[in-house]
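Below you'll find the structure, written out as structure tokens, and then a few comments.
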Amino acid sequence: MTEAELCLYVDDQLASPYAMSVFVALTEKNVPFDMRRLDLEAEAQHAPDFAALSLTRRVPALVHAGFALSESTAIAEYLDEVFPGTPLYPQAARERARARQVQAWLRSDLMPIREERSTMVVFYGQVAPPLSAMAQAAVRKLYAAADALLAPGATTLFAEWSLADVDLALMLNRLQLNGDPVPERLAHYARRQWLRPSVQQWVQLPRTSRSAPADA
Ligand SMILES: N[C@@H](CCC(=O)N[C@@H](CS)C(=O)NCC(=O)O)C(=O)O
């Protein structure tokens, strides 16, 4: 495979949690890929060239040998089916379904956490003001779900690592890295997940300080 065969489009700020998820997926698959950064503030996602590739006009988008795909979980599932290497999802049907459930939930719920603890906290060290009552309710829901999903002493959701771990750790780290109280068991899990080399490769990418994105 040549590098030109796989190209990942991400946000210029490298703050998108969904772009991070796909970056980690590609890195775990150990396949070479190009990465192109789009300036979302400058509306680069609406430029005709990109809009023709990404039907949603959002990042992440992946182009694989002429096949263009958007939506991070669709991309991850495609990569898992097409490439060998580290499995991104559990093999057993029920665990795989649970992993997809976690990913879908983290992308569709908990909006007050995503708004009040944007990934600028995680990737740019910004400190946000105290959580609103709505966000505190979302945090309680997050902690209850994570506590129920994680077996005692476990550092992964399932027997083996999966991409759902990356997404859950990111959600917990929105709070942990802001200094909000996180139950120690969940904090330990998120810290361990954050140390995974593929995650650290994303975290360590050079960034220049910018203002907060609308929804990350
Ligand atoms: N459900 C999508 C969410 C993607 C998303 O929200 N991308 C944001 C960046 S974090 C984006 O491209 N925003 C620009 C826009 O919507 O115009 C996924 O999982 O890929």
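Because only heavy atoms are used, hydrogens play no part in the values below, and waters and symmetry mates are left out as well, while side chains stay in.
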inquiry  = For Asn30, I'd like to know if atom CG has over 12 heavy atoms of other residues, nucleotides or ligands within 6.0 Å.
reply    = no

inquiry  = Checking Asp165 against Arg196 for the side chain to side chain contact (heavy atoms under 4.5 Å, CB included) test, could you report, in this order, the C-alpha distance in whole Å, the side-chain angles of both residues, the deciding distance, and whether it holds?
reply    = CA-CA 10 Å; Asp165 285 306; Arg196 195 170 175 89; over 6 Å; no

query = Which of these, Val121, Leu186, Val122, Val182, sits in a side chain to side chain contact (heavy atoms under 4.5 Å, CB included) with Gln176?
reply = Val182

key: Least distance between heavy atoms, Leu69 atom then Ala74 atom   = CD2-O, 3.7 Å

ask   = Which atom pair, heavy atoms only, marks the closest approach of Leu150 to Thr156?
value = CD2-O, 3.6 Å

ask   = Going through the distances and angles, do Ser21 and Asp167 end up as a side chain to side chain donor-acceptor pair (under 3.5 Å)?
value = CA-CA 7 Å; Ser21 196; Asp167 295 340; 3.0 Å; yes

Ring centers of Phe23, Phe33 separated by less than 6.0 Å = yes

query = Are the side chain of Arg107 and the backbone of Gln103 linked by a donor-acceptor contact shorter than 3.5 Å?
reply = yes

key: Rounded distance (nearest 0.5 Å) linking atom CG of Leu131 with atom CG of Asp180   = 4.5 Å

ask   = Hey, are Glu43 and Arg57 close enough for a salt bridge, meaning a charged N less than 4.0 Å from a carboxylate O?
value = no

message = Show the nearest heavy-atom pair for residues Gln91 and Pro87, with the distance to one decimal.
response = NE2-CB, 3.6 Å

query = Is it the case that more than 12 heavy atoms not belonging to Arg207 sit under 6.0 Å from its CZ atom?
reply = yes

note = For Gln200 and Leu195 the tightest heavy-atom approach is CG-O, 3.9 Å

query = Are more than 12 heavy atoms from other residues, nucleotides or ligands located less than 6.0 Å from atom CD of Glu160?
reply = no

inquiry  = With a sphere of 6.0 Å drawn around CZ of Arg98, does it hold more than 12 non-hydrogen atoms of other residues, nucleotides or ligands?
reply    = no

request  = Give the minimum heavy-atom separation between Ala44 and Leu38, together with the two atoms involved.
outcome  = CB-CB, 4.2 Å

